[in-house]
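Every number for a ligand or one of its atoms is a count from 1 in the order of the listing.
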Amino acid sequence: MINADLHCHSTVSDGLLAPAAVAQRACDGGVTLWALTDHDEVAGQLEARAAAQALGMRYIAGVEISVTWAERTVHIVGLNVDPQSPVLVSGLALTRNGRYARAQEMGRRLAALGLPGVFEGALKYVSNPDLISRSHFARYLVEVGAAASISDVFDRYLSEGKPGFAPHRWARLSDAMQWIAAAGGTAVVAHPGRYKYSQLEFAAFFDEFRQLGGDAIEVVTGSHTPDQYREYADVARRYGFRASRGSDFHAPDDPHTGLGSLPPLPSDLVPVWRAWL
Ligand code: AMP
Ligand code: MN
Ligand code: MN
Ligand code: MN
């Protein structure tokens, strides 16, 4: 039995544990096939692979790329990539560019709402200065009592369209797909259930993803409800997409599931990892 967890984060992006510590947690959770998929950065891949191998887990190199499609943010996970690919590495560097200025802008917007010093406060949680994310803001806002929980922060301040949110233009879908292909990897639509697209937009998005060579989506993820497991299993069947599974683990106190503990994929779907075993 393969227990695959192919989506999670470390201190290289907005997770709270170092790559080796995430590996240990994955192993403790029973994971046998693991990928660390930090946002827009592959700097944790060597540490992750070494830790996984020392623990007896199979390792797949990964990354989660921020993309803007139809004015909204979509995440594309690249799996089985070569983390040394110059095309991937330089593309990710371009994507990261601008995060710092965007974070300063979010700080200004929150200050205007009566929450001063949030940019500086969020920096305490940032280990990679190139990768300041809304998660770091959320942790600080919970710490100072401005919101009850991380999800409360997003609902009130940081989700798209909320008053502390600063829009940002990420990579184009076609570029992200090219970087992943150039690195020899497989592109997977991350947590499709999280995107606020209309039915028409979703159809156009999946068509374009397929035209660009994409053939896999996350079905069972910590970011989906059980209803969404069923909904996106149906999408995978309809489009002939392979399916992936991953916790989207960020921190030990995450409200959702830990590494390796999600339900298995529906047995009729083709797991994205089958080709690698
Ligand atoms: P950013 O890349 O800076 O836009 O931040 C996106 C990150 O914020 C995601 O990767 C999640 O870790 C986190 N995030 C986004 N929306 C939510 C939410 N509703 N609840 C909890 N975390 C969220
Ligand atoms: Mn994140
Ligand atoms: Mn994501
Ligand atoms: Mn993620």
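A pairwise comparison of heavy atoms in R134 and E160 identifies NH1-N, 4.2 Å as the closest pair.
When ring centroids are compared, Y157 and F137 stay outside the 6.0 Å threshold.
Shortest distance from the Mn ion (ligand 2) to D14 is reached at OD2 (N/O/S atoms only).
Using a cutoff of 4.0 Å between basic side-chain nitrogens and carboxylate oxygens, K124 and E143 are scored as salt-bridged. Under a 4.0 Å N-O distance rule, the pair R238/D234 does not qualify as a salt bridge. Salt-bridge formation is detected for the pair E105/R109: a Lys NZ or Arg NE/NH1/NH2 atom is positioned less than 4.0 Å from an Asp or Glu carboxylate oxygen.
Listed by chain and number, the protein atoms of type N/O/S under 2.8 Å from the Mn ion (ligand 4) are H7 NE2, H9 NE2, E64 OE1, D248 OD1; waters are omitted.
Using a distance-only test at 3.5 Å, with no hydrogens or angles considered, no donor-acceptor pair links the side chain of S10 to the main chain of A18.
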